[in-house]
Amino acid sequence: MRDSASMTGKTVLITGGTGGIGRAAAIGLASMGARVGITGRDRVRAERAAAVIRQKSGNPAIDVFVADMSSQAEVRRMATDALDSYPRIDVLMNNVGGFWAHRHVTADGLEHTFALNHLAPFLLTSLLLDRLIASAPARIVTVSSGAQSLGSIDFDDLMGERKYSGQRAYNQSKLANVMFTYELARRLAGTGVTATVLHPGMTSTSFGSEDTARGWGPLIAVMRRFMQSPERGADTSIYLASSAEAEGVTGRYFTGRSPKESHTSSYDASTVARLWRISADLVAVPGRQSLPA
Ligand SMILES: NC(=O)c1ccc[n+]([C@@H]2O[C@H](COP(=O)([O-])OP(=O)(O)OC[C@H]3O[C@@H](n4cnc5c(N)ncnc54)[C@H](OP(=O)(O)O)[C@@H]3O)[C@@H](O)[C@H]2O)c1
């Protein structure tokens, strides 16, 4: 399935590489020769994952960055660490994401799903953007979900304060990933940096296990047996990050290595621009670090 693109000499930063799809993507890209940085909340867990990635890929160049990305201060600190460590960044893979059945509030007072799944990649990308542009040709790959097709952006209640449903919050955040990518691609035109977004397919990982809806645990455990492996789940991420075929491809939504249509609203320029403005305000990205207009 995989193509044998060489990633030797390239640096890839993958958020959420301690398990699931992110770790499988890290193994795949490290096997192609990339230096790979992974992120996670817990140093011990992240170092353990890095050891597995080194062992399975045969590549010792695996780095660990620790941050709880639901906190904007931690995203900023992690971005500084990555910029200090990496003179170039060829691929940023915004992979962190999750599902929470109940409403949680982050250190910044924001709804957790929106903050982690959408605002964290928005902020991290903007903080690393100058380095990505300086490293061009470079790629920004964001992991969304097929759930984007069921989403809508509820501008009147973005944070689910009036009414929260885990599924609605997840769908909204994954649609926001798609809108973010389309607008990012538009703003990055001519820079040599591409932005693509993908659905990995239903994959057997720890997804949703931190806060599962009551009564769903046993059913999900059974469903996981019929889902694809993390290695298969990482295939489109790896393809978009490394393949010659995907070079120069930007502003597209993929599943199974193929471009697909996303939710109709993701093509609505005024909705996309409105979400962008609100997101930029919520992460308060200043001056030159703000993404090109
Ligand atoms: N699995 C599926 O069927 C499926 C389907 C469609 C889309 N997706 C998308 O695929 C992406 C990866 O999901 P997955 O299935 O691989 O999930 P997973 O097994 O739960 O892995 C999530 C990763 O994110 C990290 N993470 C979670 N919360 C974090 C936080 N607050 N700060 C920093 N890191 C955090 C975890 O690291 P630590 O726990 O070590 O911090 C872990 O490395 C997500 O964006 C998800 O929406 C998955």
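Read the numbers this way: they start at 1 and go in the same order the structure lists the ligands and their atoms.
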Participant: Does any donor atom in the side chain of Tyr239 or Ser258 lie under 3.5 Å from an acceptor atom in the other side chain?
Facilitator: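 No, no side-chain donor-acceptor contact under 3.5 Å.
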Participant: Using the test side chain to side chain donor-acceptor pair (under 3.5 Å), find all partners of Ser279 that sit at least two apart in sequence or belong to another chain.
Facilitator: His118
Participant: Any carboxylate oxygen within less than 4.0 angstrom of a Lys/Arg side-chain nitrogen, looking at Arg277 and Asp281?
Facilitator: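 The answer is no: the pair does not qualify as a salt bridge.
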Participant: What does the list of residues with a heavy atom under 4.0 Å from ligand 1 look like, ordered by chain and number?
Facilitator: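 Heavy-atom contacts below 4.0 Å: Gly16, Gly17, Thr18, Gly19, Gly20, Ile21, Gly40, Arg41, Arg45, Ala67, Asp68, Met69, Ser70, Asn95, Val96, Gly97, Leu116, Val143, Ser144, Ser145, Tyr170, Lys174, His199, Pro200, Gly201, Met202, Thr203, Thr205, Ser206, Phe207.
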Participant: Sequence neighbours left out, cut at 3.5 Å: what donor-acceptor pairs do the side chains of residues 21-36 make with other protein atoms?
Facilitator:
| unit_1 | atom_1 | unit_2 | atom_2 | d |
| --- | --- | --- | --- | --- |
| Ser31 | OG | Ile27 | O | 2.6 |
| Arg35 | NE | Asp63 | OD2 | 2.8 |
| Arg35 | NH2 | Asp63 | OD1 | 3.0 |

Participant: In chain order, what residues pass the side chain to side chain donor-acceptor pair (under 3.5 Å) check against Tyr253, with sequence neighbours excluded?
Facilitator: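 Tyr253: side chain to side chain donor-acceptor pair (under 3.5 Å) contacts with Gln148.
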Participant: Check for a donor-acceptor pair, side chain of Asp157 on one end and backbone N or O of Arg162 on the other, with a separation under 3.5 Å.
Facilitator: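 Pair found, side chain donor or acceptor close to backbone of Arg162.
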